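What you see is a predicted model, and the numbers here were worked out from it, not measured in a lab. Note that these values count all heavy atoms, side chains included, but never hydrogens, waters or copies made by symmetry. Start at 1 with the first residue, then count along the sequence.
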Amino acid sequence: MDRRTEKFKSLGKVLGVGVSRCTRDKSSAFIILFLSCEKANAVRRDFEMKTFILIGLTFLTFSCVEKQGQQTEPADSSRAISEIVDQVDNKIEKDNCNAWLDGADSTLSTGDYLKYIKENGRIKIKWGSKDFTRTLNHSFDCDAAPHWIPTIRWTTSKYIGLGYGCGSPCWGTIILPLNSRDSVFETMYDFEKNLERSLVVYLDGEDYDKLTIENWATGEKQEIKARITCESAFLGYCIDSIKFVNDDLYIKWDESAGQRDNKKENVDLVRVEI
């Protein structure tokens, strides 16, 4: 075997191409070399493609990790902001309990006024004029239903009358004097008033079973005996209507307390003696 054939055989081993005896001529040698170069180029292209794909996958991996890290910070910030907003909302809700009262403050034509002061979850009622200022001794819960908060029902030059509800059946009245001296009058289950004479008709007694007329300015009382047998445990259900008529109190009773189709009615006309 000559030296040239030996070289081609060595090159063929390196490139994975066999060289036979017929490769002793030059043309065959060049063909083998050409084929070997093509295979080498294919191997190189395959390596370059795999390298490119590997680099691309590596870049995408780092990009995803970085993006995930970037998304974590806004998520944490969003949770923190949400907590702060909730705290602010709770504070606003607490400070602005029964927000409808914000427009309930009143100033009368006489210059007297009534205001609702909301502090620490409670509602205080303040009233007065340029000459005096007073605050009701007890306050009301911010969480109470709106109708539980006393509001103005009537006014005179001497008094402001407030009314409120407290259940079923449950209601009451508060009468505020427009001066710094007279006492505040409060009672439950009031039915009728004579504002000119400062008279109020209401249910008195521990069981609210005594119909009573009272002068809230003087404290004088007149009890009215009910000459009926009320079929309800609550006497108020047996009062169909009640009204001051001159010096008398007209009372229309319904002994069935509205529980029958046919009412069992009685009428009393009681002389007001106070």
Quick one, [X] and [Y] - any side-chain contact, counting heavy atoms below 4.5 Å?
X	Y	result
Leu249	Ile224	yes
Ile251	Val270	yes
Tyr164	Thr173	no
Ile123	Ile117	no
Val201	Leu211	yes
Ser232	Gln259	yes
Trp216	Thr187	no
Ser256	Glu265	no

I'd like to know if the side chain of [X] and the backbone of [Y] have a donor-acceptor N/O pair within less than 3.5 Å.
X	Y	answer
Gln222	Glu273	yes
Asn215	Ala217	yes
Arg134	Asn179	yes
Arg122	Ser139	yes
Asp105	Tyr116	yes

From [X] atom [atom1] to [Y] atom [atom2], the distance as rounded to the nearest 0.5 Å:
X	Y	atom1	atom2	answer
Arg153	Lys193	CZ	NZ	9.0 Å
Lys210	Lys221	NZ	NZ	9.0 Å
Thr110	Ile160	OG1	CD1	7.5 Å
Asn194	Leu199	CG	CG	5.0 Å
Arg197	Thr218	CZ	OG1	11.0 Å
Leu176	Ile152	CG	CD1	8.5 Å

Practice item. Identify whether Met188 and Ile239 are in the same connected component of the hydrophobic contact network (ILVMFWY, side-chain heavy atoms under 4.5 Å). Key: yes
Review point. Is Val200 reachable from Leu162 through a run of I, L, V, M, F, W or Y residues, each pair having side-chain heavy atoms under 4.5 Å apart?
Key: no
Check your understanding: Is the gap between the ring centers of Trp154 and Tyr159 under 6.0 Å?
Key -> no
**Study point:** Criterion ring pair (Phe, Tyr, Trp, His ring centres under 6.0 Å) against Phe191, the qualifying member of Tyr208, Tyr202, Trp171
**Key:** Trp171
Exercise for review: Could you go through the side chain to side chain contact (heavy atoms under 4.5 Å, CB included) check for Lys158 and Leu178 one step at a time?
Suggested key: CA-CA 5 Å; Lys158 295 181 179 181; Leu178 293 177; 5.7 Å; no
**Study point:** CA sep, side-chain torsions, deciding dist, call: Leu136, Lys124, side chain to side chain contact (heavy atoms under 4.5 Å, CB included)
**Key:** CA-CA 7 Å; Leu136 199 62; Lys124 296 181 179 180; over 6 Å; no
Review point. Step by step, would you call Asp112 with Lys130 a salt bridge (Lys or Arg N to Asp or Glu O under 4.0 Å)?
Key: CA-CA 8 Å; Asp112 301 298; Lys130 63 180 180 180; over 6 Å; no
Practice item. Quick one: do Arg260 and Glu231 satisfy salt bridge (Lys or Arg N to Asp or Glu O under 4.0 Å)? Show the steps, please. Key: CA-CA 10 Å; Arg260 299 181 184 180; Glu231 296 181 9; 2.7 Å; yes
Exercise for review: Begin from the C-alpha positions of Glu220 and Glu214 and carry the test side chain to side chain contact (heavy atoms under 4.5 Å, CB included) through to its verdict.
Suggested key: CA-CA 6 Å; Glu220 293 180 273; Glu214 183 172 353; over 6 Å; no
Closest approach of [X] to [Y] (non-hydrogen atoms, all atoms of both residues):
X	Y	result
Ser180	Phe132	CB-CB, 3.9 Å
Asp182	Pro177	O-CG, 3.2 Å
Leu114	Ile125	CD1-CG2, 3.9 Å
Ile213	Ile274	O-CD1, 3.7 Å
Trp100	Thr151	CH2-CG2, 3.7 Å
Asp254	Lys264	OD1-N, 3.4 Å

Review point. Going through the checks in order, is the side chain to side chain donor-acceptor pair (under 3.5 Å) test met by Tyr113 and Thr133?
Key: CA-CA 9 Å; Tyr113 63 83; Thr133 298; 3.1 Å; yes
**Study point:** From CA spacing to verdict: side chain to side chain contact (heavy atoms under 4.5 Å, CB included), Glu255, Cys230
**Key:** CA-CA 5 Å; Glu255 293 188 33; Cys230 183; over 6 Å; no
Point to revise | Residue pairs fulfilling ring pair (Phe, Tyr, Trp, His ring centres under 6.0 Å) with at least one residue in residues 223-242, sequence neighbours excluded | key: Tyr189-Phe234, Phe234-Tyr237
Exercise for review: With sequence neighbours excluded, give me every ring pair (Phe, Tyr, Trp, His ring centres under 6.0 Å) pair touching residues 242-274.
Suggested key: none
Review point. Is there a salt bridge (Lys or Arg N to Asp or Glu O under 4.0 Å) between Lys118 and Asp102 once you walk through the steps?
Key: CA-CA 10 Å; Lys118 292 178 281 188; Asp102 293 341; 2.5 Å; yes
